[in-house]
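Here is the naming used below: chain letters follow the sequence lines, and residue numbers restart at 1 for every chain.
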Amino acid sequence: RLRKWQERIRTKDAGERNLQFALSEVDRMASALGVPRSVREVASVIYRRALNEDLIRGRSIEGVATAALYAACRQEGIPRSLDEVAEVSRVPQKEIGRTYRYISQELGLELKPVDPKQFVPRFASELGLSEEVQSKATEIIDVSAEQGLLSGKSPTGFAAAAIYAASLLCNEKKTQREVADVAQVTEVTIRNRYQEQIEAMGFR
Amino acid sequence: MSSPADSIEIQNVVASTGIGQELDLEALAEDLPGADFNPDNFPGLVYRTQSPKAAALIFRSGKIVCTGAKSIDDVHEALGIIFEKLRDLTIPVEDDPEITVQNIVSSADLGHNLNLNALAIGLGLEDVEYEPEQFPGLVYRMDEPDVVILLFGSGKIVITGGKRTEDAQEAVEQIVERIEGLGLLS
DNA sequence: GCTTTAAAAAGTAACTT
DNA sequence: AAGTTACTTTATAAAGC
């Protein structure tokens with residue numbers, strides 16, 4: 001009976017330690033990503049829900065913590081790409097994506113697909129581009145998405161191309177390489193999306 | 001009057017069977033020209049048939065998985081060839097081993113572009129997985145028939161998880177009806 | 001969970017020419 | 001810049017770790 005008790009305390013302690021570890025990891029990654037405190041709080045709520053629903057079994061604590069943070073960023077409307085999240089996590093990108101899809105399904109998060117426009121302010125400011133370029137990029141995204149060009153395309157690549165196009169239109173040109181670097185996509189992707197977008201805008 | 005259902009093409013059929021006889025795969029790998037056997041990697045021996053084109057995974061237990069065939073008839077033909085090859089090597093093979101189709105992968109074309117963002121919301125986010133950052137297709141799990149459909153912006157689709165030829169047919173009819181009902185089949 | 005096999009869809013990436 | 005190759009997703013059996 002005494003042993004059982006000690007075991008209970010031990011597992012409870014272990015559980016507490018695991019939770020502490022997960023939340024401190026969320027905190028560490030959130031800081032590295034520069035997301036506000038509110039996002040970390042949403043992420044810990046998601047993590048605790050996953051824990052209560054026993055979704056961690058068979059998965060790494062760090063993987064679930066990272067996926068919770070990725071989900072929280074999306075839920076709060078300030079998404080980070082899987083690439084960006086993977087950079088501050090010790091979990092491979094593929095596992096983060098897989099874990100995100102799992103907890104998202106099981107917790108019924110029902111997050112809408114990421115809107116490329118949500119990347120515009122951050123990418124544009126990293127490139128030192130003006131408000132004018134940002135609103136032009138936003139317009140390009142809206143117009144080309146409305147014409148059905150967004151289906152199946154990566155939101156970061158779509159946003160990157162629109163920012164590149166807008167920088168040209170507003171005489172604040174950035175090279176494809178510069179835009180590609182902040183958005184973490186290739187120049188080829190920017191070129192492909194850019195061509196479709198300027199055609200959709202009626203330029204050419 | 002071409003309907004999407006007419007565009008269905010079976011792309012891959014997976015089936016399992018067994019010869020009811022244990023096998024020495026090391027010996028079989030020697031006797032079967034073209035056989036790949038790397039037990040450190042995978043417990044099955046891989047054997048490919050040329051016509052019809054298919055790949056078989058042959059296990060020590062005598063159980064066999066056949067994949068890559070373009071029709072159920074091709075599965076039977078390919079396995080028939082393998083059964084004969086084994087008999088030629090004086091390995092006793094049951095007269096008519098039962099062949100079970102486990103999965104059929106089909107492709108089809110809805111004939112219209114799809115707005116996957118609108119479709120994700122229209123079909124219900126709870127039944128849909130659409131993560132264009134990870135994969136360009138929208139994943140839709142259908143209950144009846146029990147299949148998974150991948151839908152792409154081009155209107156091309158993939159139906160998998162079905163065990164009968166009719167599953168793809170029914171799935172296409174169902175998904176067309178649902179998308180039309182949402183007014184999203186431009 | 002993973003390992004292997006096959007096939008389609010379309011996007012993205014990493015190479016080579 | 002174009003071309004090739006390869007990887008992402010889905011399902012499915014097999015035996016074993």
Begin with the C-alpha distance, continue with both residues' side-chain angles, and end with the deciding distance and a verdict on salt bridge (Lys or Arg N to Asp or Glu O under 4.0 Å) for B/D167 and B/K163.
CA-CA 7 Å; B/D167 288 341; B/K163 289 185 158 52; over 6 Å; no
If we ignore angles and hydrogens, is there a donor and acceptor under 3.5 Å between the side chains of A/T189 and A/T186?
yes
Pair A/E95 + A/R98, salt bridge at N-O below 4.0 Å:
no
For D/dA2, does either OP1 or OP2 sit under 4.0 Å from a side-chain N or O belonging to A/R191?
no
Taking only heavy atoms on the protein side, list every residue of residues 53-64 of chain B lying under 4.0 Å from any atom of DNA chain C, sorted numerically.
B/K53, B/A55, B/L57
Between D/dA2 and C/dA8, how far apart are the two C1' atoms, rounded to whole Å?
25 Å
For A/R59, answer base if it contacts any base atom (sugar-phosphate contacts may also be present), sugar-phosphate if it contacts only those atoms, and nothing otherwise; contact means non-hydrogen atoms under 4.0 Å.
nothing
Under the side-chain hydrogen bond (donor to acceptor under 3.5 Å, both in side chains) rule, what pairs show up with a residue in residues 15-27 of chain B, not counting sequence neighbours?
B/S16-B/Q102
Take atom P in D/dT9 and the same atom in C/dG1, then report the distance between them in whole Å.
13 Å
Taking only side-chain N and O atoms of A/R101, does any of them lie within less than 4.0 angstrom of OP1 or OP2 on D/dT9?
yes
Nearest non-hydrogen partners of B/G161 and B/N103, listed with the distance
N-OD1, 2.7 Å
Same-atom distance (P) from C/dT5 to D/dA6, integer angstrom:
13 Å
Search all heavy atoms of B/P43 against all heavy atoms of B/F37 and return the closest pair with its distance.
O-CE1, 3.7 Å
Atom-to-atom span, CZ of B/R141 to P of D/dT10 - whole angstrom
7 Å
Between B/E170 and B/R164, is there a salt bridge with N-O shorter than 4.0 Å?
yes
Let's test your reading of the model: under 3.5 Å, does the base of D/dA11 pair with the side chain of B/T160 as donor and acceptor?
yes
Does A/R57 pair with A/D54 as a salt bridge, N-O distance under 4.0 Å?
yes
What is the distance, to the nearest angstrom, from the CD1 atom on B/I159 to the C1' atom on C/dA6?
17 Å
Below 3.5 Å, can you tabulate the donor-acceptor pairs from side chains in residues 149-156 of chain A to any protein atom, sequence neighbours excluded?
residue, atom, partner, partner atom, Å
A/S151, OG, B/L114, O, 2.9
A/S151, OG, B/L116, N, 2.9
A/K153, NZ, A/L149, O, 2.9
A/S154, OG, A/T156, N, 3.4
A/S154, OG, A/T156, OG1, 3.0
A/S154, OG, A/G157, N, 3.1

Could you tell me how far C/dA7 sits from D/dA15 if I compare only their C1' atoms? Round to whole Å.
24 Å
Taking all heavy atoms of A/I103 and all of A/A68, pick out the closest pair and write down the distance.
CD1-N, 3.9 Å
Contact state string [nucleotides 9-14 of chain C, B base, S sugar-phosphate only, - no protein heavy atom under 4.0 Å]:
BBSSSS
Can you measure B/Q21 atom CD to D/dA14 atom P for me and round it to whole angstrom units?
19 Å
Close approaches to DNA chain D from residues 166-186 of chain B, in residue order (heavy atom, under 4.0 Å):
none
What residues, two or more places apart in sequence or in another chain, satisfy salt bridge (charged side-chain N to carboxylate O under 4.0 Å, His left out) together with B/R87?
none
Within residues 22-49 of chain B, the residues having a heavy atom closer than 4.0 Å to DNA chain D are B/F42, B/P43
Going by salt bridge (charged side-chain N to carboxylate O under 4.0 Å, His left out), name the pairs with one or both residues in residues 71-87 of chain A, residues two or more places apart or in two chains.
A/R74-B/E131, A/E84-A/R122
Close approaches to DNA chain C from residues 67-104 of chain B, in residue order (heavy atom, under 4.0 Å)
B/T67, B/G68, B/K70
Under 3.5 Å for both donor-acceptor distances, Watson-Crick or wobble: does D/dA11 have a partner, and if so which one?
none
Nearest heavy-atom approach of B/I99 to B/A15 is CG2-CB, 4.0 Å
Any salt bridge (charged side-chain N to carboxylate O under 4.0 Å, His left out) involving residues 33-42 of chain A? Give me the pairs, sequence neighbours left out, ordered by first then second residue.
A/D27-A/R40
How long is the line joining CG of A/L82 and C1' of D/dT9, in whole Å?
14 Å
List the atom pairs, with distances to 0.1 Å, where a side-chain N or O of residues 175-186 of chain B and a protein N or O form a donor-acceptor pair under 3.5 Å, not counting sequence neighbours.
residue, atom, partner, partner atom, Å
B/R178, NH1, B/Y140, OH, 2.8
B/S186, OG, B/N113, O, 3.2

Can you list every salt bridge (charged side-chain N to carboxylate O under 4.0 Å, His left out) pair that touches residues 57-75 of chain B, not counting sequence neighbours?
none
Ranking B/A15 and B/E129 by the position along DNA chain D of their nearest nucleotide, the one closer to 5' is B/E129
Give me the atom names and distance for the closest heavy-atom approach of A/I163 to A/F123.
CD1-CB, 3.6 Å
